[in-house]
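Here is the structure we will look at, set down as structure tokens.
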Amino acid sequence: MIYEGKAITVKLIDDGIAVLTFDLQGESVNKFNRLTIEELGEAAAKLGSANDVKGLIVTSAKDVFIVGADITEFKDLFKGSEEELVANNLKANSVFSAIEDLPFPTLTVINGIALGGGFEMCLATDYRIMSTKAKVGLPEVKLGIFPGFGGTVRLSRVIGADNAIEWICAGGEKRPEQALKDKAVDAVVAPEALMEAAKTTMKRLIDGSLDYKKRREEKTGKLKLNAMESMMTFETAKGFVAAQAGRNYPAPVEAIKVMQKHAGMNRDKAIEVEAKGFAKMAKTPVAAALVGLFLNDQELKKKAKAYDKQALPVKRAAVLGAGIMGGGVAFQSALKGTPIVMKDIAQAGLDLGLKEAKGLLTKRVSRGKMTAEQMADVLNKINPALGYGDFKSVDLVVEAVVENPKVKDAVLREVEDVVREDTILTSNTSTISITRLAQNLKRPENFCGMHFFNPVHMMPLVEVIRGEKTSEQAIATTVAYAKAMGKNPIVVNDCPGFLVNRILFPYFGGFNLLVRDGADYKQCDKVMERFGWPMGPAYLLDVVGMDTAKHAGDVMAEGFPDRMQYSEKTAVELMFENDRLGQKNDKGFYKYSLDKKGKKQKAVDEKVEQMLGDVVQKKGEFTDEEIIERMMVPLCIETVRCLEDGIVETAAEADMGLVYGIGFPPFRGGALFYIDTIGVEEFCRIADKYKSLGKLYHPTDGLREMAKSGKKFYG
Ligand SMILES: NC(=O)c1ccc[n+]([C@@H]2O[C@H](COP(=O)([O-])OP(=O)(O)OC[C@H]3O[C@@H](n4cnc5c(N)ncnc54)[C@H](O)[C@@H]3O)[C@@H](O)[C@H]2O)c1
């Protein structure tokens, strides 16, 4: 034994080969936390002075190699000054460089996932042999940063600047074939043959038939590009990557700048450049927000997992209604492996649902993401039905018929009579109270909401709604089924609009009031899109449909009359009255026509301006900042109310609901994170400017308390 720690051991095996094994005690995966880096430094020192070692193989004793840095440590780490961050990176880098500089050949066996710091570890050794089951990559940009353990330096020198830019700026996970093609690894081998292959290669490295020194020189020297090539590569990439990443995500372009800057330097100088760039990115609010989201997501997963024990198995599901939503649910369930009965009252409905599923699958096949056989297999898992034939075998039902309380009530009672006593019933209603829908059921404890978002296959969120009588087992089973469908479930309590729509409608309220006061809806869209929303409010309303928005708006007004009922006609109501339903009938705030690819394109419709005259009360001009404030304040305050009312349990869940459910700009971290970023006191001051607009703009007492005591949503 050369070294024995809590995360790393180094043993000498035969023929002078040492094996360094990552195996972080008490954890299911390996990650680069402080301890692991410290131990790696100690192990490197021991190896450096061991005179009986001729070569080193690095590997892991877990299923993964190393999943990456320990992101839970980022929050505290990033609080430090830029200088502290640089110093910290340089210290960690000295460990990786010590491994790289060992006086004998080194090789990593990538037995499983090696991402971020995990893959940077692999890059520090001379050779890399990858399992057919592993994945590698540098996904740091997803957290608003870029690789900081020498990744930008080593990868650009190992696979060339062009490839490294793609790997680092897109942040994707690479399969073995791709990694081999790009020469990021030297061989790909079946899991069971990995160690043998590593030993054989190591022997050749030791006996000199493979030249490790030449490789090492390449990796630690300057990038092999002349001035002209360098200019072409980096300048072209900057433009392209900037357009891809968008103005709100600076890290990918910064990564290119850093690689360009250190291209002409040797390793140690280059690493200093990387460390400075890394620290600059780590201090951006974008990194804080994205790291926050990552940690929130972990919390969500933990909460969902806690339900596992109580969940009943869902081996077979059913969906009632084969419309937009029902068809989507059937497709997603089948795609992820749970067979599903799709029932409708009309053959036409079933045909439409199946056509939709076939369309989505055909696209996958044509993109090479699926074989024709797999497609047939998925389709076989969807069982179209006009009757309740085999509902006794169904474990969970999703009701997705028309949004009408009477119809839903009848359908739910009907299905309750044909399923087993332990079958869980759920409704995909967007507006009707779950407690109310449970009223006429015999087993209300087996019933809850399962609210998907449109389009089902794209939207990651499912709200699982707890009615007054819902049992924890019903919740647990629904959470488990949502997870099995590849979705992120969030459990919320029942109220009009549940979590996401309850928060979205005050935002639409802010929009209606802006139009009333003379704001240009096109400006509102532009400003909010620049703020980071996937689409502006008018465009979003066109996509949602004015009938749906009007109907849901009425429900919200009834539920929260003090702030969601408007004394005068709103822009949405006006559109609805004029049969401008949005994309459904190709006219809403904008008009729509199909482009050459068959995609809907929006255009300004002159008629709308004139029509809006009916609801516009004055001539108004608004700065971009005013528009942002008047749109965001109601949304943020309603999120605070949902938390205070216990609709959602934690700030993390509230924020993730908004990011996953309505595309809240991720780099702003969610509504509550956004309030924290502005500062609670400052947020209240902004809200007070708009006091006269009504209660939508009035901070709660709780929020004012927080402002006074200096408390934050994320402590
Ligand atoms: N469309 C959305 O964006 C969206 C988003 C979230 C939730 N929802 C909710 O999902 C539900 C369905 O909405 P949709 O947009 O898919 O509607 P849709 O009109 O596209 O589909 C409804 C389907 O239900 C069928 N149906 C009617 N009565 C039935 C019965 N008794 N048994 C079986 N099938 C019956 C109809 O034939 C139709 O195919 C609604 O509650 C809606 O509020 C919709």
Within 6.0 Å of [atom1] in [X], more than 12 heavy atoms from elsewhere:
X      : atom1 : answer
Glu468 : CD    : no
Lys469 : NZ    : no
Lys392 : NZ    : yes
Arg443 : CZ    : yes
Lys133 : NZ    : no
Asp63  : CG    : no

Compute whether any side-chain donor of one residue and acceptor of the other, for [X] and [Y], lie under 3.5 angstrom apart.
X      : Y      : answer
Gln583 : Tyr590 : no
Thr429 : Glu403 : yes
Asn440 : Arg413 : no
Asn585 : Tyr592 : no
Asn30  : Ser60  : yes
Ser393 : Arg316 : yes

Between [X] and [Y], what is the shortest heavy-atom contact and its length?
X      : Y      : answer
Arg580 : Met546 : O-CB, 3.5 Å
Lys135 : Glu173 : CD-OE1, 3.5 Å
Ile110 : Leu194 : O-CD1, 4.5 Å

Between Leu504 and Leu540, does a side-chain contact (heavy atoms from CB on, under 4.5 Å) hold up when you go through it step by step?
CA-CA 11 Å; Leu504 179 63; Leu540 177 59; 4.1 Å; yes
Can you check whether [Y]'s main-chain N or O pairs, donor with acceptor, with [X]'s side chain at less than 3.5 Å?
X      : Y      : answer
Asp182 : Ala184 : no
Glu529 : Gly536 : yes
Asn383 : Ile340 : no
Lys62  : Gly112 : no
Asp494 : Arg466 : no
Gln374 : Thr371 : yes

In plain terms, say whether [X] and [Y] are close enough for a salt bridge, that is, a side-chain N and a carboxylate O under 4.0 Å apart.
X      : Y      : value
Lys483 : Asp308 : yes
Asp351 : Lys355 : no
Lys181 : Glu177 : no
Lys174 : Glu166 : yes
Lys442 : Glu416 : no
Arg420 : Asp395 : yes

message: On the six-membered ring of Tyr388, is Lys343 placed so that its NZ or CZ lies under 6.0 angstrom from the centre and within 45° of the ring axis?
response: yes
Check your understanding: Does the side-chain contact (heavy atoms from CB on, under 4.5 Å) test come out yes or no for Ile490 and Val464, once each step is laid out?
Key -> CA-CA 6 Å; Ile490 295 182; Val464 176; over 6 Å; no
Checking Leu412 against Phe447 for the side-chain contact (heavy atoms from CB on, under 4.5 Å) test, could you report, in this order, the C-alpha distance in whole Å, the side-chain angles of both residues, the deciding distance, and whether it holds?
CA-CA 10 Å; Leu412 284 167; Phe447 175 67; 3.9 Å; yes
With sequence neighbours left out, the residues meeting side chain to side chain donor-acceptor pair (under 3.5 Å) with Asp162 are none
Rounded to the nearest 0.5 angstrom, the CE-CG distance for Met450 and Asn428 is 9.0 Å
One should read off an interatomic distance between Lys305 NZ and Leu300 CG, to the nearest 0.5 angstrom, of 14.5 Å
Fill in: Audit row: Trp533, Tyr507, ring-ring contact (aromatic ring centres under 6.0 Å, His included) steps and yes/no
CA-CA 12 Å; Trp533 287 94; Tyr507 174 82; 5.0 Å; yes
Under 3.5 Å, sequence neighbours excluded: what are the donor-acceptor pairs made by side chains of residues 317-339?
| unit_1 | atom_1 | unit_2 | atom_2 | d |
| --- | --- | --- | --- | --- |
| Gln332 | NE2 | Met485 | O | 2.9 |
| Ser333 | OG | Thr338 | O | 2.8 |
| Ser333 | OG | Tyr481 | OH | 2.7 |

* So, do Trp167 and Phe119 have ring centers that fall under 6.0 Å from each other? -> yes
When Lys591, Lys600, Lys602 are each screened for salt bridge (Lys or Arg N to Asp or Glu O under 4.0 Å) with Asp586, the one that passes is Lys600
Using distance only, find each side-chain donor-acceptor pair of residues 647-667 under 3.5 Å and give its atom names and separation, not counting sequence neighbours.
| unit_1 | atom_1 | unit_2 | atom_2 | d |
| --- | --- | --- | --- | --- |
| Glu649 | OE2 | Lys303 | NZ | 3.0 |
| Thr650 | OG1 | Glu653 | N | 3.1 |
| Thr650 | OG1 | Glu653 | OE1 | 2.8 |
| Glu653 | OE1 | Lys303 | NZ | 2.9 |
| Glu653 | OE1 | Thr650 | N | 3.2 |
| Asp655 | OD1 | Ala671 | N | 2.9 |
| Asp655 | OD1 | Leu672 | N | 2.8 |
| Asp655 | OD2 | Phe673 | N | 3.1 |
| Asp655 | OD2 | Tyr714 | OH | 2.6 |
| Tyr660 | OH | Asp297 | OD1 | 2.5 |

Hey, mind stepping through Val64 and Val67 against side-chain contact (heavy atoms from CB on, under 4.5 Å) and telling me if it holds?
CA-CA 7 Å; Val64 302; Val67 291; 4.0 Å; yes
